[in-house]
Amino acid sequence: MATKIIQHHEQFDFELFFQNISLQYIGLDYRDYLAFLHAEGEKHSFIGHAECDNRVENAIGNAIASEHGADIINRASTVMIMIIHSSKAVRPLTMNEMQYLNEFTSGFSKECELIWGIAEDSSLENSVKAIVFANIAE
């Protein structure tokens, strides 16, 4: 059973993150994380941030901007996406911004399992963070 995640970003403690998030709106939780972690295959993670217009689109784009990011996502058998925002933001997260998530995932293979959620982190202020996990089944 593979448990290593290839992180294409600064080191991040995913276990602690998923243990500490509370279910908000639509949630991914620690059980989702463990199921992803213990599935067979090569695991990758990507993290992106954005503060400007189209924060969700730009955060996802920034997350997978690494050299092989798009290729890894396109080959994934499972993709798990967490959009993190602050409820204290001057400009709240909008449905128009979230619509990009649908556009982004519409290009995935029909066989790709997609899991997504929204969490809150008040320290983000007006920025949005996207965490994208991809599992490539062997």
Side-chain angles (χ1 to χ4, degrees):
M1 168 172 40
T3 58
K4 180 174 172 57
I5 297 175
I6 300 166
Q7 296 188 20
H8 300 269
H9 48 79
E10 73 277 0
Q11 288 296 322
F12 190 82
D13 188 340
F14 292 112
E15 184 167 354
L16 181 63
F17 171 77
F18 279 103
Q19 286 177 348
N20 289 330
I21 63 171
S22 58
L23 295 178
Q24 315 253 338
Y25 310 123
I26 299 169
L28 286 175
D29 61 22
Y30 190 59
R31 291 178 310 249
D32 294 318
Y33 172 72
L34 289 178
F36 172 83
L37 191 64
H38 295 294
E40 291 298 321
E42 183 179 84
K43 284 132 190 70
H44 296 263
S45 65
F46 305 88
I47 297 177
H49 305 263
E51 251 185 87
C52 55
D53 292 335
N54 305 313
R55 294 172 293 180
V56 172
E57 178 178 357
N58 289 314
I60 290 173
N62 291 337
I64 63 170
S66 70
E67 183 179 349
H68 302 289
D71 180 57
I72 290 167
I73 298 297
N74 289 331
R75 294 185 301 127
S77 55
T78 304
V79 174
M80 198 164 70
I81 302 171
M82 176 68 77
I83 304 297
I84 306 159
H85 71 106
S86 173
S87 65
K88 297 179 181 181
V90 172
R91 190 169 51 109
L93 191 62
T94 67
M95 289 302 293
N96 286 338
E97 289 179 293
M98 287 302 297
Q99 178 59 33
Y100 178 75
L101 187 59
N102 185 47
E103 293 170 26
F104 176 69
T105 60
S106 67
F108 291 1
S109 158
K110 298 219 184 296
E111 291 79 36
C112 180
E113 179 182 3
L114 172 65
I115 306 161
W116 66 277
I118 301 172
E120 186 176 325
D121 177 349
S122 60
S123 73
L124 290 176
E125 297 180 357
N126 290 314
S127 65
V128 167
K129 181 189 293 187
I131 299 176
V132 180
F133 292 101
N135 183 47
I136 300 174
E138 299 168 344

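Every heavy atom of this structure was used, including side-chain atoms; hydrogens, water molecules and symmetry mates were not.
Applying the side-chain hydrogen bond (donor to acceptor under 3.5 Å, both in side chains) rule to Thr105 yields no partners; only residues at least two apart in sequence or on another chain are considered. In this structure Glu57 satisfies the salt bridge (Lys or Arg N to Asp or Glu O under 4.0 Å) test with no other residue, sequence neighbours excluded. When the side-chain hydrogen bond (donor to acceptor under 3.5 Å, both in side chains) test is applied to Ser123, the partners found at least two apart in sequence or on another chain are Asp121. Looking at residues two or more places apart in sequence or on another chain, you find a side chain to side chain contact (heavy atoms under 4.5 Å, CB included) between Ser122 and Ser86, Lys88. Listed by chain and residue number, Phe14, Phe17 satisfy the ring pair (Phe, Tyr, Trp, His ring centres under 6.0 Å) test with Phe12 (two or more places apart in sequence, or in another chain). Here Glu111 pairs with Ser109 under the side-chain hydrogen bond (donor to acceptor under 3.5 Å, both in side chains) rule; sequence neighbours left out. Annotation: side chain to side chain contact (heavy atoms under 4.5 Å, CB included) contacts of Asp13 (sequence neighbours excluded): Glu15, Leu16.
Between the CD1 atom of Ile131 and the CD1 atom of Ile84 there is a distance of 3.5 Å, given to the nearest 0.5 Å. The CD1 atom of Ile81 lies 5.5 Å from the CG atom of Leu114; values are rounded to the nearest 0.5 Å. Interatomic distance, Phe36 CZ to Glu113 CD, rounded to the nearest 0.5 Å: 10.5 Å. Considering NZ of Lys4 and CD of Gln7, their distance stands at 8.0 Å, rounded to 0.5 Å. Taking CG from Leu124 and CD from Glu51, the interatomic distance works out to 9.5 Å, rounded to the nearest 0.5 Å. The structure places CG of Asn54 at 10.0 Å from OH of Tyr100, a figure rounded to the nearest 0.5 Å.
Contact record, Ala63 with Ala130: CB-O, 4.1 Å, taken as the closest heavy-atom pair.
For residues 98-108, there are no salt bridge (Lys or Arg N to Asp or Glu O under 4.0 Å) pairs, not counting sequence neighbours. Residue pairs that meet the side chain to side chain donor-acceptor pair (under 3.5 Å) test with at least one member in residues 63-82, sequence neighbours left out, are Asp71-Arg75. Applying the ring-ring contact (aromatic ring centres under 6.0 Å, His included) test to residues at least two apart or on different chains, the pairs with a partner in residues 46-65 are His8-Phe46.
Two residues are said to be in side-chain contact when any heavy atoms from C-beta on lie closer than 4.5 Å; Leu101 and Ile60 meet this criterion. Taking the side chain as every heavy atom from C-beta outward, Ile115 and Val79 never approach each other to under 4.5 Å. The closest side-chain heavy-atom distance from Ile136 to His44 is below 4.5 Å.
Judged purely by atom type and a 3.5 angstrom limit, Lys129 has no side-chain atom pairing as donor or acceptor with the backbone of Ser127. A distance-only check finds a donor-acceptor pair linking the side chain of Asn58 to the backbone of Asp53 [under 3.5 Å]. Side-chain N or O atoms of Glu97 include one that pairs as donor or acceptor with a backbone N or O of Arg55 at under 3.5 Å.
Ile6 and Leu34 are not part of a single hydrophobic cluster, where members link through side-chain heavy atoms under 4.5 Å apart.
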Inset, instruction - Give the C-alpha distance, both sets of side-chain angles, the deciding distance and a yes or no for side chain to side chain contact (heavy atoms under 4.5 Å, CB included) between Trp116 and Met98. - result: CA-CA 11 Å; Trp116 66 277; Met98 287 302 297; 3.8 Å; yes
